[in-house]
Amino acid sequence: ATKDELDMTLAELRANLRSPTASPKLRLDMNLEFHRRFALPFACFVFALIGVPFGIQNQRSGKAAGFAVSIGLLLIYYVILSAGKALGQRGLLPPFAAVWTPNILFLVFGIYLFRTTAAEKRFFLFDMATRFLAWLREAWRRGNGAP
């Protein structure tokens, strides 16, 4: 039985990508997997790049707003990654672009956050999260009959 691309080592992926006997679908899946193995660990660096400015800014906005923004960013990253992978599997995006797009977008966002923090400006996301949480608290109070 042949190995699935998820079970192959990097050396096996590289060797099979060069093999003329691999089907185009398998070659595409192996190429996506090859890039994914480098893109996902790189995402740790990207999120650290985003997290430092958020940690500095978070002192003024409270823990709930920081948590809400963090969960929102993770969700956005995952949606972009899933969409890219789906487009890559259909052949609509090259494997590199399909897997690396979320990292590139979030890297640009991280650089923006660093520049904003260096200029000692406040992030618009914290203001939005704080307003949204206040709106949720107010809606919850109204729904429970609280004054």
Side-chain angles (χ1 to χ4, degrees), residues 1-140:
T2 60
K3 279 186 173 180
D4 186 81
E5 73 273 0
L6 298 174
D7 298 327
M8 292 181 191
T9 64
L10 281 175
E12 289 172 331
L13 282 171
R14 261 190 248 113
N16 286 327
L17 280 170
R18 291 187 201 114
S19 169
T21 60
S23 71
K25 172 71 174 131
L26 180 60
R27 183 172 278 130
L28 182 64
D29 287 344
M30 287 189 300
N31 213 343
L32 283 165
E33 177 62 19
F34 181 81
H35 284 290
R36 188 188 67 81
R37 290 194 188 177
F38 292 99
L40 286 181
F42 186 76
C44 296
F45 167 74
V46 172
F47 277 107
L49 183 70
I50 290 173
V52 170
F54 272 125
I56 293 168
Q57 292 266 325
N58 195 18
Q59 295 171 355
R60 292 184 248 158
S61 64
K63 292 179 184 175
F67 181 74
V69 169
S70 299
I71 295 298
L73 286 174
L74 284 171
L75 183 64
I76 291 167
Y77 181 89
Y78 182 74
V79 166
I80 295 170
L81 182 66
S82 297
K85 187 176 178 189
L87 292 172
Q89 286 174 330
R90 291 190 179 125
L92 299 173
L93 272 180
F96 178 86
V99 177
W100 283 94
T101 296
N103 286 340
I104 294 168
L105 292 174
F106 274 64
L107 184 64
V108 169
F109 182 60
I111 291 168
Y112 160 76
L113 293 178
F114 255 96
R115 293 185 70 162
T116 304
T117 302
E120 297 184 8
K121 294 180 185 171
R122 186 157 167 79
F123 303 150
F124 67 94
L125 286 174
F126 280 129
D127 293 333
M128 287 175 40
T130 303
R131 281 191 223 124
F132 179 70
L133 290 171
W135 177 81
L136 278 178
R137 274 193 293 269
E138 186 59 34
W140 184 79

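Everything quoted here is computed from the prediction, not taken from an experiment.
A distance of 11.5 Å separates CZ of F47 from CG of L107, quoted to the nearest 0.5 Å. Taking OG1 from T117 and OH from Y112, the interatomic distance works out to 9.0 Å, rounded to the nearest 0.5 Å.
Shown here for A39 and V99, the closest heavy-atom pair between the two residues is CB-CG1, 3.3 Å. Looking at every heavy atom in both residues, R27 comes nearest to P20 through NH2-CA, 3.8 Å. Between L28 and G88, the shortest heavy-atom distance links the atoms CD2-O, 3.2 Å. Contact record, A98 with L93: CA-CD1, 4.0 Å, taken as the closest heavy-atom pair.
Residues passing the side chain to side chain contact (heavy atoms under 4.5 Å, CB included) test with S23 are K25, L26, sequence neighbours excluded. S19 meets the side chain to side chain contact (heavy atoms under 4.5 Å, CB included) test with T21; sequence neighbours excluded. Under the rule for a side chain to side chain contact (heavy atoms under 4.5 Å, CB included), V108 has no partner lying at least two apart in sequence or in another chain. Applying the salt bridge (Lys or Arg N to Asp or Glu O under 4.0 Å) test to R37 and every residue at least two apart in sequence or in another chain returns E33. Residues meeting the ring-ring contact (aromatic ring centres under 6.0 Å, His included) test with F38, sequence neighbours left out: F34. I50 meets the side chain to side chain contact (heavy atoms under 4.5 Å, CB included) test with V46, F54, L73, F106, F109, L113; sequence neighbours excluded.
Under the side-chain hydrogen bond (donor to acceptor under 3.5 Å, both in side chains) criterion, no residue pair touches residues 87-99, with sequence neighbours excluded.
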Pair up each side-chain donor or acceptor in residues 5-17 with any protein partner under 3.5 Å, not counting sequence neighbours, and list the distances.
from	atom 1	to	atom 2	distance (Å)
T9	OG1	E12	N	3.2
E12	OE1	K3	NZ	3.2
E12	OE1	T9	N	2.8
E12	OE2	K3	NZ	3.1
N16	ND2	E12	O	3.2

With a cut-off of 3.5 Å and sequence neighbours excluded, list every side-chain donor-acceptor pair involving residues 78-85.
from	atom 1	to	atom 2	distance (Å)
S82	OG	Y78	O	3.0

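Relative ring orientation between F96 and H35 is described as perpendicular, the plane-to-plane angle rising above 60° on a 0-90° scale split at 30° and 60°.
The side-chain heavy atoms of N103 and F45, taken from C-beta on, include no pair separated by under 4.5 Å.
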